[in-house]
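Below, read A as the first sequence line, B as the second, and so on, with proteins coming before strands; counting in each chain starts at 1.
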Amino acid sequence: MKYIIAIIQPDRLDEVLMKLEEKEIHLVTVTQVMGHGRQKGIAEVYRSHKEGGSLLRKIKLEIGVNEAFVQPAIDAILGGAQSGNIGDGKIFVLDINQCIRIRTGEKGNDAIG
Amino acid sequence: MKYIIAIIQPDRLDEVLMKLEEKEIHLVTVTQVMGHGRQKGIAEVYRSHKEGGSLLRKIKLEIGVNEAFVQPAIDAILGGAQSGNIGDGKIFVLDINQCIRIRTGEKGNDAIG
Amino acid sequence: MKYIIAIIQPDRLDEVLMKLEEKEIHLVTVTQVMGHGRQKGIAEVYRSHKEGGSLLRKIKLEIGVNEAFVQPAIDAILGGAQSGNIGDGKIFVLDINQCIRIRTGEKGNDAIG
Amino acid sequence: MKQKTLGALLGLGLSLGAWAQSPVPTVDVGAVTPTATAVVEVAAAAAAAPAVTVNTGNTAFMMICAALVLLMTLPGLALFYGGLVRKKNILSVLMHCLAAAAIVSVVWAVYGFSFAFGEGNAFFGNTNHLFLANTDGFNSLFIADANGVPAIVFVMFQMTFAIITPALIAGGFAERMRFPAFCLFTLLWVSLIYCPICHWVWGAKGFLYHGNADAWAKALDFAGGTVVHINAGIAALVCALYLGKRKGFPNRLSPPHNLPFAIIGACLLWIGWFGFNAGSELACDQTAANAMLYTQVAAAVAALVWLVLDGIYHGKATALGAITGAVAGLVAITPACGFVDLKGSLFIGILGAAAAWAFVVYLKPKLKLDDTLDAFGVHGVAGIVGALLTGVFCVATKDGMSHFGQFVEQLKAVAVTIGFSALGTWILLMLVNCITKVRADEREETVGLDVSQHKESAYTVID
Amino acid sequence: MKQKTLGALLGLGLSLGAWAQSPVPTVDVGAVTPTATAVVEVAAAAAAAPAVTVNTGNTAFMMICAALVLLMTLPGLALFYGGLVRKKNILSVLMHCLAAAAIVSVVWAVYGFSFAFGEGNAFFGNTNHLFLANTDGFNSLFIADANGVPAIVFVMFQMTFAIITPALIAGGFAERMRFPAFCLFTLLWVSLIYCPICHWVWGAKGFLYHGNADAWAKALDFAGGTVVHINAGIAALVCALYLGKRKGFPNRLSPPHNLPFAIIGACLLWIGWFGFNAGSELACDQTAANAMLYTQVAAAVAALVWLVLDGIYHGKATALGAITGAVAGLVAITPACGFVDLKGSLFIGILGAAAAWAFVVYLKPKLKLDDTLDAFGVHGVAGIVGALLTGVFCVATKDGMSHFGQFVEQLKAVAVTIGFSALGTWILLMLVNCITKVRADEREETVGLDVSQHKESAYTVID
Amino acid sequence: MKQKTLGALLGLGLSLGAWAQSPVPTVDVGAVTPTATAVVEVAAAAAAAPAVTVNTGNTAFMMICAALVLLMTLPGLALFYGGLVRKKNILSVLMHCLAAAAIVSVVWAVYGFSFAFGEGNAFFGNTNHLFLANTDGFNSLFIADANGVPAIVFVMFQMTFAIITPALIAGGFAERMRFPAFCLFTLLWVSLIYCPICHWVWGAKGFLYHGNADAWAKALDFAGGTVVHINAGIAALVCALYLGKRKGFPNRLSPPHNLPFAIIGACLLWIGWFGFNAGSELACDQTAANAMLYTQVAAAVAALVWLVLDGIYHGKATALGAITGAVAGLVAITPACGFVDLKGSLFIGILGAAAAWAFVVYLKPKLKLDDTLDAFGVHGVAGIVGALLTGVFCVATKDGMSHFGQFVEQLKAVAVTIGFSALGTWILLMLVNCITKVRADEREETVGLDVSQHKESAYTVID
Ligand SMILES: Nc1ncnc2c1ncn2[C@@H]1O[C@H](COP(=O)(O)OP(=O)(O)O)[C@@H](O)[C@H]1O
Ligand SMILES: Nc1ncnc2c1ncn2[C@@H]1O[C@H](COP(=O)(O)OP(=O)(O)O)[C@@H](O)[C@H]1O
Ligand SMILES: Nc1ncnc2c1ncn2[C@@H]1O[C@H](COP(=O)(O)OP(=O)(O)O)[C@@H](O)[C@H]1O
């Protein structure tokens with residue numbers, strides 16, 4: 001089982017979720033995050049005080065999947081989030097060594113979906 | 001050392017934290033997240049605009065523990081968060097290969113607790 | 001490749017980001033979290049209702065790096081976040097087994113930076 | 001001879017005129033009989049004058065005061081309450097105020113005003129003013145009349161009182177009442193509880209109206225301590241008991257989700273209260289001016305008292321304490337503001353806040369009572385203290401009775417109000433519950449009333 | 001003989017005086033003929049009196065009303081709109097209201113008032129009042145005059161109307177218009193669209209002013225149904241069409257980011273509307289009082305109608321529905337509030353809200369029209385309904401024409417307003433677009449107008 | 001012969017009456033000597049009339065204005081300041097306004113008013129009005145009297161000025177002052193700094209009061225440029241310097257946590273300012289009307305100026321700039337609004353905003369001054385500019401002195417205010433610091449003043 005973490009642009013969320021649904025990936029956890037990256041934001045000003053604008057709003061997706069779904073998930077995310085512009089974000093894939101469905105207590109591959 | 005990630009219903013947070021305390025697990029990081037899952041929310045309406053209501057408020061817990069505490073932690077979470085209803089959430093267990101306590105710089109198993 | 005998760009005090013964020021920049025680590029994802037820890041907050045009161053104050057505002061950093069950058073990243077975080085007081089937080093290091101840059105689709109070590 | 005009478009007549013006319021600020025005609029009584037007719041005509045006109053003339057100053061004052069009292073509910077009270085609940089319930093609380101305003105406004109225009117202020121008898125109004133019949137121009141039934149304020153302004157001003165009272169009750173059942181039940185309850189409560197009590201205390205023939213010579217209790221209630229605050233406070237207590245505790249009470253309560261909202265609301269309540277208290281004089285005169293100042297002083301000193309008590313008891317002066325204290329002071333001074341002096345307003349503010357603090361902060365936790373937003377703790381307790389102290393600190397008692405005598409009159413009015421409001425509210429709740437479930441079920445409560453009752457969320461999480 | 005006439009003269013003077021609240025002089029008629037002269041002088045003085053005296057009551061009322069109408073825009077409308085957009089665009093919406101207030105205030109003082117209310121002819125004002133020339137003291141050109149209200153107060157009161165109208169339009173182009181274009185558009189629109197229409201409908205010689213004997217259409221518009229609401233609603237519709245849909249419309253819309261803000265805004269609009277409607281009487285009298293009450297009733301019943309329709313159609317009564325309904329009712333009653341009775345206000349509130357609901361909730365999605373905040377759906381639709389129904393429910397038609405005749409007059413005024421506003425707005429948009437791009441480009445829209453237009457974010461994420 | 005005098009007498013009585021809107025008595029002078037007595041009585045009564053009658057229009061106006069000025073502090077200023085600080089400090093800022101209102105209200109009623117407005121001498125008031133003694137009915141000491149406004153209304157109106165002034169200072173020490181110290185400081189400051197300056201500038205015998213024939217400086221200050229804004233601005237500067245910089249200043253500052261709050265606050269300040277400026281006429285007349293319009297125009301043009309300067313300097317017009325500019329304009333026009341004309345109000349608005357902008361945006365960063373919310377930059381700078389320009393643009397100078405002469409008078413008053421306020425504030429801070437620590441320690445500042453000073457958090461993170 002793999003734990004997929006993806007950071008994407010906020011306005012791509014709906015698109016990505018749609019694409020994931022198409023691949024039968026229904027279970028996703030979404031978090032609002034701030035990204036510090038290559039992409040430079042518009043500097044903000046408040047009277048005399050200037051803000052670097054180095055932290056930009058991003059969306060983080062977390063998806064626990066079985067091996068079979070790793071590639072489909074990645075494709076779905078690329079499909080929905082890729083604009084070719086700086087700031088599109090990243091996908092990280094980590095290993096899961098246990099997964100439990102709280103509702104039922106099921107374990108492992110059956111629990112993840 | 002293991003990194004436990006649990007997604008639970010918001011109204012179960014206090015219960016889970018209490019149960020964790022009982023198991024001597026005091027260190028937890030809590031994040032507000034939105035869950036896209038099997039559980040369907042109540043569709044919302046704003047004048048003519050309908051919202052799917054497919055994203056529901058959830059709470060994410062992150063707990064770094066030594067092997068000995070993995071099962072107790074899982075039990076505590078199940079004990080506090082299980083209602084038997086769709087939407088109860090998931091627990092994921094990942095491997096940690098290093099842990100450092102910022103305050104002291106301690107490393108490994110002594111640092112985690 | 002490693003996935004570094006650090007929980008720090010909110011007022012240390014700028015410092016840590018600066019230190020990371022010095023080490024040429026530009027890509028960071030920042031999340032607002034609540035910490036349940038050894039550090040006890042100031043109990044709050046609302047008329048007759050008392051709040052434990054057991055959840056404190058913290059900042060979570062996530063940094064995906066190549067092996068070579070793991071130690072520099074840790075040093076930067078320690079350098080920026082260490083005050084010696086309870087509540088300074090933790091650093092966790094996890095394994096990444098795949099990383100993709102959404103913008104280009106690049107994979108692995110080239111993608112992470 | 002003639003000349004003497006003339007001097008008198010002039011003096012009289014003068015003072016009369018000054019008092020009512022209406023033009024004072026005088027006639028040549030030196031020129032005898034021939035003009036007799038003319039004299040009569042004119043004299044008649046003169047007598048009528050006060051009644052037929054709009055006093056623009058008083059009328060402007062009353063219209064603005066009505067707007068200020070509505071501001072107390074929309075958005076004052078809505079925010080004061082809304083900021084104190086959980087994120088998932090704020091819209092339901094705001095809706096309590098919005099729906100109350102909408103429902104009561106229509107009810108008041110259609111029959112509420114007639115039931116409350118129709119002359120009727122000691123207990124009920126009548127149907128003379130259904131659909132605001134007989135409220136054109138001036139109507140000597142309503143005191144405002146004598147001040148050159150059109151009856152319709154009186155209707156509007158009183159409407160805003162009828163709106164805020166049921167809205168106040170929401171503090172008792174917030175976070176757990178179903179919306180349909182709320183609407184029905186509000187409709188019935190304002191018709192069957194508020195209108196009668198309003199008639200008793202302020203109706204020309206009401207049996208608690210000090211202006212009514214043969215009232216059973218000549219209670220002083222300048223701006224609605226009994227009618228509005230005790231009444232709403234008691235009803236809130238009954239609702240809290242009838243509905244039972246919220247899920248997770250008292251161990252898993254959340255703190256206020258947005259204290260700044262609560263503070264904005266409290267500030268607007270404070271400002272609007274000037275319209276509530278000073279406006280209750282129904283004219284813009286010395287008494288109204290005093291009422292405004294005493295209202296301000298009582299609110300201020302009450303806020304200080306709460307801050308000090310919080311400081312002693314909790315170790316810190318809290319912002320929520322400051323606004324709660326201010327509101328308690330405003331509630332306490334409401335029945336008194338037109339009858340007391342500076343000293344009285346200071347004492348009433350201090351004692352009202354102290355009593356409310358003792359109940360809300362000290363006693364309530366022991367009682368395990370889930371009065372969500374302390375509608376009873378603040379409006380009920382401070383309201384009762386204020387109503388009783390009005391008898392103690394009033395500068396002039398009714399018909400010069402002893403202050404103790406006045407205190408007893410106050411006590412009688414308070415007792416009647418408490419009894420009727422408590423009993424009536426309980427009965428209405430049971431009635432409503434037969435028609436539509438009053439209490440939200442566990443799931444509705446867990447997901448929050450905003451989504452479960454209104455299919456809306458107040459805020460977006462991801463933007 | 002003489003005595004008789006004299007008696008009459010006194011009676012007259014008396015009533016006159018009473019009506020204008022000016023002192024009533026009386027003369028020694030015992031001493032016959034010789035004083036004839038004196039009599040005349042005095043009578044003259046008496047007649048002149050109203051014009052030269054400030055009526056403090058009316059003036060106080062009008063000044064507070066002006067403040068209330070400004071409150072409708074700052075922060076009422078700003079919040080009502082701002083709460084409904086996305087987090088990343090709220091500042092841009094608030095800026096629409098702030099900038100409109102700043103720009104229009106200056107324009108109005110410099111030439112706007114003169115263009116709108118200068119006597120001029122049937123179509124345009126004149127330049128007699130540039131920089132507020134000839135507005136000291138009293139000016140019989142402006143009705144306020146007769147009520148003892150200084151002309152400058154009339155200028156101020158009307159200024160607040162000129163401010164809110166362009167601000168209302170923002171509802172149509174919110175979340176996608178560039179700020180420089182907005183400023184230029186507002187400047188031109190208030191000068192070339194608002195001022196003329198204002199002159200037609202309220203100018204002494206305007207061809208749509210019922211007070212003008214030789215008007216082409218004697219339309220009744222008490223407080224600005226055509227001038228403000230239909231005008232702004234149509235302009236908003238045109239802007240929405242000209243600018244096109246927002247990115248992601250209609251599939252990827254976000255819900256309101258802060259409904260409580262929208263509700264606070266609606267409440268302040270409601271309160272301020274009393275100044276808007278009652279103040280339009282330009283005096284504090286019976287009519288103003290009626291206007292206030294009818295405004296309240298129409299808003300309340302309209303809110304209920306929307307709640308019921310939402311309940312039937314969506315299954316739940318929504319908070320956004322409650323405030324949208326209330327605003328629709330306020331819009332609908334605006335042209336009517338001084339001409340109808342309770343019955344009329346109830347019907348107009350009901351029908352105005354029902355029509356707006358049908359368009360906004362039912363029809364709009366089918367039209368795929370991106371009127372961001374339903375400025376047309378609420379102000380345009382309810383405005384038109386209200387303007388037409390004023391002809392149906394007015395208690396007294398103009399010159400006692402038939403209600404059908406009055407309805408036709410209303411229709412003519414509405415048609416002219418719609419035509420001119422639509423055409424003029426479209427032309428101005430094209431004009432502005434030649435000077436500076438009107439529509440934000442995709443990137444500006446994606447990152448949000450707050451950052452892209454103002455280099456600011458409304459809220460901090462990490463604190 | 002007699003008849004002639006009679007005519008004159010009538011004419012006089014008439015105009016007099018008209019002016020004071022009080023009933024005009026007339027007597028039969030045709031019937032000669034015998035009634036002499038009667039005549040005298042009545043005449044006396046007539047003369048007294050204006051003084052003993054409440055002018056309902058003026059009184060209503062003043063009471064509403066007092067409410068508007070309180071609205072400026074609660075919640076206007078509270079939100080304007082609160083929205084600009086960090087999430088963890090907003091409650092502490094709101095508390096500055098709430099506590100100031102509570103403390104000052106009591107102080108004012110008990111002795112503040114007496115110290116400020118008791119006749120006393122050129123420098124101090126007296127104790128004649130402790131506990132508001134001798135403020136019943138009318139008191140010729142206070143100009144309001146002549147306008148038929150009860151003295152108690154004047155007390156209330158002035159109380160709201162005494163409340164907002166210390167609240168304004170909070171802008172200078174926000175985010176780092178301990179609450180107990182704040183309370184003590186406010187108590188002392190209002191008693192020992194505000195009251196005296198208020199007496200100097202507005203007290204009948206004040207040595208800076210233009211109405212005082214033997215004043216040392218006949219400075220024109222219509223609504224409190226020196227007393228309120230310069231005074232508070234300077235005190236804020238001194239506090240900022242005394243307390244030192246906040247932790248992390250200037251490199252690790254956070255942006256405003258909730259700009260919409262700041263904008264709501266600014267809008268309410270704007271609206272309330274009408275009460276502040278127009279109300280300072282103490283009557284509802286032509287001057288008050290002018291003051292209102294000029295206030296509006298100055299605020300509007302000032303907002304535009306700031307937007308343009310931001311546009312040039314930062315590349316974009318900012319929302320924070322719009323409201324900061326508006327407030328600067330309002331501050332600048334405050335001393336002038338009753339003395340200038342349209343031209344003057346435009347220039348004062350422009351120059352006031354330009355000066356404040358230059359200091360806040362351009363100069364301040366170079367000075368490394370941590371005036372948290374620019375209380376000095378806005379109120380101090382614009383206040384000084386406005387006070388001085390009042391001498392330049394006033395339509396009529398005092399005693400027809402040259403405009404340069406008037407300018408010098410203004411300068412003298414400004415200098416005295418600055419000197420006294422600066423010195424006094426510094427001394428009080430040192431004094432307070434001996435009793436209780438003024439500056440929050442590092443930990444209190446880091447966790448935030450809300451939790452460390454009040455044991456509360458403004459918002460919930462997890463719901
Ligand atoms: N190595 C990384 N570790 C943590 N977060 C990252 C990393 N790389 C990218 N991100 C997240 O993705 C966002 C987009 O990064 P950016 O560098 O703009 O994308 P790109 O890879 O297209 O240049 C960043 O703001 C950051 O939040
Ligand atoms: N595989 C997963 N990956 C990421 N998040 C998940 C996953 N499974 C469940 N979740 C989170 O848990 C929440 C509950 O999921 P749901 O399917 O409703 O629970 P259940 O497993 O009881 O059916 C989801 O909203 C989502 O946030
Ligand atoms: N083992 C852990 N798992 C998850 N979060 C942790 C863990 N240890 C520390 N944290 C986070 O770091 C924060 C600081 O923890 P605390 O115990 O106060 O630090 P210290 O290690 O200095 O005692 C906690 O509030 C929590 O959010």
Using atom types as modelled and distance alone, determine if a side-chain donor or acceptor of F:Lys87 lies under 3.5 Å from a backbone N or O of E:Ile462.
no
Within the distance-only criterion (no hydrogens, no angle test), does the side chain of E:Lys455 pair as donor or acceptor with the backbone N or O of F:Gly315 below 3.5 angstrom?
no
At a 4.5 Å cut-off on heavy atoms, which part of [X] comes close to chain F: side chain, backbone, both, or neither?
| X | value |
| --- | --- |
| E:Phe179 | side chain |
| E:Thr73 | neither |
| E:Ile64 | side chain |
| E:Ile264 | neither |
| E:Phe261 | side chain |
| E:Leu94 | side chain |
| E:Met95 | side chain |
| E:Met159 | side chain |

Side chains of [X] and [Y]: does their closest heavy-atom pair fall under 4.5 Å?
| X | Y | value |
| --- | --- | --- |
| E:Thr56 | F:Asp285 | no |
| F:Phe274 | E:Met156 | yes |
| E:Tyr459 | F:His257 | no |
| F:Cys267 | E:Leu71 | no |
| E:Leu70 | F:Trp270 | yes |
| E:Gln453 | F:Thr318 | no |

Find the one option among [options] whose heavy-atom pairs under 4.5 Å with chain E are most numerous.
| options | value |
| --- | --- |
| F:Ile271, F:Ile263, F:Asp341, F:Ile323 | F:Ile271 |
| F:Pro260, F:Gly325, F:Ala60 | F:Pro260 |
| F:Met292, F:Met62, F:Arg86, F:Lys88 | F:Met292 |
| F:Gly275, F:Pro255, F:Ala300 | F:Ala300 |

Which portion of [X] sits near chain E, non-hydrogen atoms under 4.5 angstrom:
| X | answer |
| --- | --- |
| F:Ala317 | both |
| F:Ala288 | both |
| F:Pro256 | backbone |
| F:Ala319 | both |
| F:Leu320 | both |

For the student: nearest non-hydrogen atoms of [X] and [Y], plus distance:
| X | Y | result |
| --- | --- | --- |
| F:Leu346 | E:Phe131 | CD1-CE2, 4.5 Å |
| F:Gln286 | E:Pro150 | OE1-CB, 3.4 Å |
| E:Ser457 | F:Leu259 | O-CD1, 3.8 Å |

Any chance you could lay out the side chain to side chain contact (heavy atoms under 4.5 Å, CB included) test for F:Gln296 and E:Ile163, step after step, and finish with the verdict?
CA-CA 12 Å; F:Gln296 173 72 9; E:Ile163 287 170; 3.6 Å; yes
Can you tell which of E:Val461, E:Val104, E:Val153, E:Leu79 has the highest number of heavy-atom pairs within less than 4.5 Å of chain F?
E:Leu79
Apply side chain to side chain contact (heavy atoms under 4.5 Å, CB included) to residues F:Cys284 and E:Thr59 and explain how you reach the verdict.
CA-CA 7 Å; F:Cys284 184; E:Thr59 305; 3.5 Å; yes
